[in-house]
2 protein chains.
Amino acid sequence: MRDPHIDQSAQTIDLPCGSAGKGRTDRWPELLEAAAELFAEKGYDGTSLRDIADRLGMLKGSLYHYISGKSDLLVHVMREAHRRGLRSIAALAREEGPAIERLEAIVVAHARYVCTERVFTAGFFEARRHLPEARAVEFAADERDYRLRVEALIVRGQDEGALRTDLDPKLTALCLLGFLNSLHLWVRPNGVHSIRRICDHAVMLGLDGLRRR
Amino acid sequence: MRDPHIDQSAQTIDLPCGSAGKGRTDRWPELLEAAAELFAEKGYDGTSLRDIADRLGMLKGSLYHYISGKSDLLVHVMREAHRRGLRSIAALAREEGPAIERLEAIVVAHARYVCTERVFTAGFFEARRHLPEARAVEFAADERDYRLRVEALIVRGQDEGALRTDLDPKLTALCLLGFLNSLHLWVRPNGVHSIRRICDHAVMLGLDGLRRR
DNA sequence: CTATTTGCCAAACGATCGTTTGGCTTGAGC
DNA sequence: GCTCAAGCCAAACGATCGTTTGGCAAATAG
């Protein structure tokens, strides 16, 4: 069986399917979206291949033309989530300028991504839970790198006099990122609060604090 | 089959088992702890009754002397989590005194509970996902009540001049509680950070903010 | 002592799971 | 027109799931 997805380089942003064909139907994007959506909604173990196939209007056995197995979808959901947001957000941590401004930009971008790409964010964390250790390391390095850069920004913010010095950089980074990564758990797609306001409040809670100055 | 658990009033703090017996083995607490632990670790659908029975050293069929079915465990895990912490934490929101002090007390107590009772907190949110709508309303009312009280405290804190007035009370309460409820996702039981320090940082992030004053 | 209940085992049930196989249909390339 | 691969259906596989049933051994009550 063909499997153009497994070996696809994580560096490219091309669709995992090597569809250079012209008029052929290729439902890989649909499959990926359906898998992420169902994983986010019902969990990995709670989603059967039949559920996914139903959403595409096909039988579960037919999915094996696109994937090598159910666990295969986990990796691709994570890669897609990774591709859609984490990489570009992490890039913000590498730019220059005052640390406090970089932190603000990161918080806003991270919050915006988690809120707008709710499905893939939830799918990402759901997938990570069920990924075997060997597969998880592929993404763990990037996450760790991202967290360390935020940590470094906090340290630099302290040195530059913008951030209070009585907090532990690592613990603070964990709190901040943990908070941002949990937004998708309660933010609702068509909720009463606009994403813009949610991002504003994320900055207020994360950086400014609630206390009056 | 007996089922002393289903009809047990949610008001008492007695163990769900009516074990007035003297020397009998009654492994209900073990069962509850094992279920919560496995649900938190592997998820509800990822945990089989055989997994739970194995941890107690018995066969899966034997569990039906304690429960009426697998979904039954969900309700009991949530009730236990509810009993252990949420009720006492919510009580803090009803006490008197300056709003800002009440908020601080709530944040500390909530963070401490989520960190110390990691298993039942994770089990609580895992259980809530898989609870049928009809069962979920039993707990939704308490959660909503708790959130509304935090909201009211934020409003009062604004009126008293302790909190900044440019934030939306409801959205802020959602952010704050969402942050606290997500601590269990990355806090590790025997991690390098003490619970005390984690609580301190939760207050810093949630109330004081990171910026230097 | 006997009678009854508790706690658990042993075995089986139907249902559903992920996965495999073989074949049909359609459209592209030569 | 022929060839070949893509895309999907149909049917089956063994494994595991939650659940039920019958029964045995020990402890309790009378």
Side-chain angles (χ1 to χ4, degrees), chain A residues 1-6 15-32 34-35 38-39 42-77 126-127 130-132 135, chain B residues 1-6 15-32 34-35 38-39 42-77 126-127 130-132 135:
Chain A
M1 186 218 339
R2 76 153 188 166
D3 193 337
H5 315 304
I6 283 291
L15 283 177
C17 179
S19 64
K22 309 193 169 62
R24 283 291 182 75
T25 71
D26 192 335
R27 318 189 62 184
W28 171 254
E30 277 181 83
L31 206 174
L32 204 57
L38 286 168
F39 287 168
K42 306 170 54 173
Y44 176 70
D45 290 309
T47 302
S48 70
L49 290 182
R50 191 177 178 280
D51 292 331
I52 301 176
D54 279 350
R55 190 160 294 202
L56 302 190
M58 58 173 72
L59 298 185
K60 57 177 181 174
S62 308
L63 295 177
Y64 281 78
H65 278 273
Y66 295 91
I67 57 178
S68 66
K70 187 184 179 187
S71 66
D72 193 25
L73 278 172
L74 283 177
V75 181
H76 291 297
V77 166
E126 174 66 23
H130 297 273
L131 225 50
R135 288 280 189 188
Chain B
M1 184 219 338
R2 78 155 187 162
D3 194 337
H5 317 303
I6 285 290
L15 283 177
C17 179
S19 66
K22 307 188 174 65
R24 279 295 182 74
T25 71
D26 191 336
R27 319 191 60 183
W28 171 254
E30 277 180 84
L31 206 174
L32 204 58
L38 285 168
F39 287 168
K42 305 170 54 173
Y44 175 71
D45 290 309
T47 302
S48 70
L49 290 182
R50 192 177 177 280
D51 292 332
I52 301 176
D54 278 351
R55 191 160 294 200
L56 301 189
M58 59 173 73
L59 297 186
K60 57 176 180 174
S62 308
L63 295 177
Y64 282 78
H65 278 273
Y66 295 92
I67 58 177
S68 66
K70 188 185 179 186
S71 66
D72 193 26
L73 277 173
L74 283 178
V75 181
H76 291 298
V77 166
E126 175 66 22
H130 297 272
L131 225 50
R135 287 282 190 185

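Quick note on labels: first sequence line is chain A, next is B, and so on, each numbered from 1.
Distances were taken from every side-chain heavy atom of Tyr64(B) (C-beta onward) to each of dG18(C), dC8(D), dG18(D); the shortest belongs to dG18(D). Comparing dC8(D), dG18(C), dA10(C) by their closest approach to the side chain of Leu59(B) singles out dA10(C). Considering only the side chain of Leu49(A), dT19(C) comes nearest among dC17(C), dC17(D), dT19(C). Of the candidate nucleotides dT19(D), dC8(D), dC17(C), dC8(D) has the atom nearest to the side chain of His65(A).
Nucleic acid contact class of Gly61(A) (heavy atoms, under 4.0 Å, all strands): base. If you check every strand for non-hydrogen atoms under 4.0 Å, Thr47(B) touches sugar and phosphate atoms only. Residue contacts shown for Gly46(A) are absent, as no nucleic acid heavy atom lies under 4.0 Å away.
In this model, the phosphate group of dC8(D) is approached by a side-chain N or O of Tyr66(A) to a distance below 4.0 Å at OP1 or OP2. At dC9(C), one or more side-chain N or O atoms of Ser62(B) fall inside 4.0 Å of OP1 or OP2 (strictly under the cut-off).
Heavy-atom distances to DNA chain C give each of Met58(B) and Asp51(A) a nearest nucleotide, and the one nearer the 5′ end belongs to Met58(B).
Leu31(A) has its CG atom 13 Å from the C1' atom of dG7(D), to the nearest Å. For the pair Asp54(B) CG and dC9(C) C1', the computed distance is 14 Å after rounding to whole Å. For the pair Lys60(B) NZ and dT16(D) P, the interatomic distance rounds to 10 Å; values are reported in whole Å. Computed from coordinates, the Asp45(B) CG to dG18(C) C1' distance equals 15 Å when rounded to whole Å. At whole-Å resolution of the value, CG in Leu63(B) and C1' in dT20(D) are 14 Å apart. Separating the CD atom of Glu30(B) from the C1' atom of dG7(C) is a distance of 13 Å, rounded to the nearest angstrom. The separation between Lys70(A) atom NZ and dT16(D) atom P is 15 Å, rounded to whole Å. Here dG18(D) presents its P atom at 13 Å from NE2 of His130(B), a figure rounded to the nearest Å.
When every heavy atom of His130(B) is checked against every heavy atom of Lys42(A), the shortest pair comes out as CE1-O, 4.1 Å. Residues Tyr44(B) and Lys70(B) share a closest heavy-atom pair of O-NZ, 3.0 Å.
Ring geometry for Trp28(A) against Tyr66(A) counts as parallel: the plane angle stays under 30°, on a 0 to 90° scale with 60° as the upper cut.
We find that Asp51(B) and Arg55(B) are not joined by a salt bridge, their nearest charged nitrogen and carboxylate oxygen being 4.0 Å or further apart.
The side-chain heavy atoms of Ile52(B) and Leu73(B), taken from C-beta on, include a pair separated by under 4.5 Å.
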